[in-house]
Amino acid sequence: MTSQLPPLPPVKTGIQGLCPRCGRGHLFDGFLTLKPICEVCGLDYSFADPADGPAFFVICFTCVPAVAVACWIEVAFNPSPWLHLFTTLPLTLLSCVLPLRPLKGWLVNSQFFYKAEEGKIDRDYVRPKTVPTDADRD
């Protein structure tokens with residue numbers, strides 16, 4: 001059955017939290033916890049290790065702008081701390097928490113799609129002999 005499945009785009013399946021192989025099973029068991037296997041096709045999710053990738057993307061692309069908006073509100077309007085509590089805090093929390101799950105799904109599905117794995121040192125590699133340049137031949 002696995003050889004008959006076409007490759008699925010990681011953006012589409014990952015953001016929806018679907019299995020990278022079949023596109024029908026669920027990827028998550030809870031908010032950010034990956035299931036051990038797909039309930040539809042049986043794909044083992046042990047290959048997946050997005051590490052801190054989702055948090056990095058959230059910090060760079062959503063948290064920094066949210067804090068910039070908070071600073072702009074402070075400088076432009078000089079509101080009381082209570083107004084920051086009801087405007088800036090929810091903005092920052094929502095911009096941090098909401099994108100985590102889609103980004104983690106996208107990274108896991110990208111790892112499957114591109115067959116990413118941990119780097120290994122090839123101990124049997126032999127460096128090719130250097131080819132002399134034109135200047136060395138004269």
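Not measured: the values here are computed from a predicted model. As a basis for the values below, the full set of heavy atoms in this structure was taken, side chains included, without hydrogen atoms, waters or symmetry mates.
When the side chain to side chain contact (heavy atoms under 4.5 Å, CB included) test is applied to Cys71, the partners found at least two apart in sequence or on another chain are Val67. Phe28 is linked by a ring pair (Phe, Tyr, Trp, His ring centres under 6.0 Å) to nothing, counting only residues two or more places apart in sequence or in another chain. Among residues two or more places apart in sequence or in another chain, the side chain to side chain contact (heavy atoms under 4.5 Å, CB included) test is passed with Leu85 by Trp82, Leu89. Listed by chain and number, the residues in a side-chain hydrogen bond (donor to acceptor under 3.5 Å, both in side chains) with Lys12 amount to none (sequence neighbours excluded).
Relative ring orientation between Phe77 and Trp72 is described as perpendicular, the plane-to-plane angle rising above 60° on a 0-90° scale split at 30° and 60°.
For the pair Thr13 (side chain) and Gly23 (backbone), a donor-acceptor distance under 3.5 Å is absent.
Distance check, rounded to the nearest 0.5 Å: CD1 of Ile59 to SG of Cys96 gives 8.0 Å. One finds the CG atom of Leu27 at 9.0 Å from the NZ atom of Lys35 (value rounded to the nearest 0.5 Å). One distance of note links CZ of Phe47 with CD of Glu117; it measures 12.0 Å at 0.5 Å rounding. To the nearest 0.5 Å, the span separating CZ on Arg101 from OG1 on Thr33 amounts to 9.5 Å. The CD1 atom of Ile73 lies 12.0 Å from the CG atom of Asn78; values are rounded to the nearest 0.5 Å. Taking CG from Asn109 and NZ from Lys104, the interatomic distance works out to 12.0 Å, rounded to the nearest 0.5 Å.
Side chains of Leu43 and Pro20 form a contact here, defined as non-hydrogen atoms less than 4.5 Å apart. In this structure, the side chains of Arg21 and Cys38 stay at 4.5 Å or more apart for every pair of heavy atoms. Between Cys19 and Cys41, some side-chain heavy-atom pair lies under the 4.5 Å cut-off. Side-chain contact between Ser95 and Pro65: absent, with no pair of heavy atoms (C-beta onward) separated by less than 4.5 Å.
Considering all non-hydrogen atoms of both residues, Ala70 and Thr88 come closest at CB-CG2, 3.0 Å. Heavy atoms only, all atoms of each residue included: Leu107 and Phe57 are closest at CD2-CE1, 4.1 Å. For the pair Ala48 and Leu34, the tightest heavy-atom approach, listed with the atom from each and the gap, is CB-CD1, 3.8 Å.
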For residues 120-127, which side-chain N or O atoms pair as donor and acceptor with protein atoms under 3.5 Å away, sequence neighbours left out?
| residue | atom | partner | partner atom | Å |
| --- | --- | --- | --- | --- |
| Asp122 | OD1 | Asp124 | N | 3.3 |

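Counting heavy-atom neighbours within 6.0 Å of His26 NE2, excluding the residue itself, gives a total of 12 or less.
In the hydrophobic clustering of this structure, Trp106 groups with Leu32; members are Ile, Leu, Val, Met, Phe, Trp, Tyr whose side-chain heavy atoms approach within less than 4.5 Å, directly or through other members. A single hydrophobic cluster is seen to contain both Val11 and Phe56, as judged by linkage of ILVMFWY side chains at heavy-atom distances under 4.5 Å, directly or through other members. A single hydrophobic cluster is seen to contain both Val97 and Ile15, as judged by linkage of ILVMFWY side chains at heavy-atom distances under 4.5 Å, directly or through other members. Cluster annotation: Leu103 and Phe31 are assigned to the same hydrophobic cluster (Ile/Leu/Val/Met/Phe/Trp/Tyr, side-chain heavy-atom contacts under 4.5 Å, transitive). The hydrophobic cluster containing Leu18 does not contain Val40, counting ILVMFWY residues as joined when their side-chain heavy atoms lie under 4.5 angstrom apart, directly or transitively.
Applying the side-chain hydrogen bond (donor to acceptor under 3.5 Å, both in side chains) test to every pair with at least one member in residues 41-53, sequence neighbours left out, gives these pairs: Asp44-Ser46.
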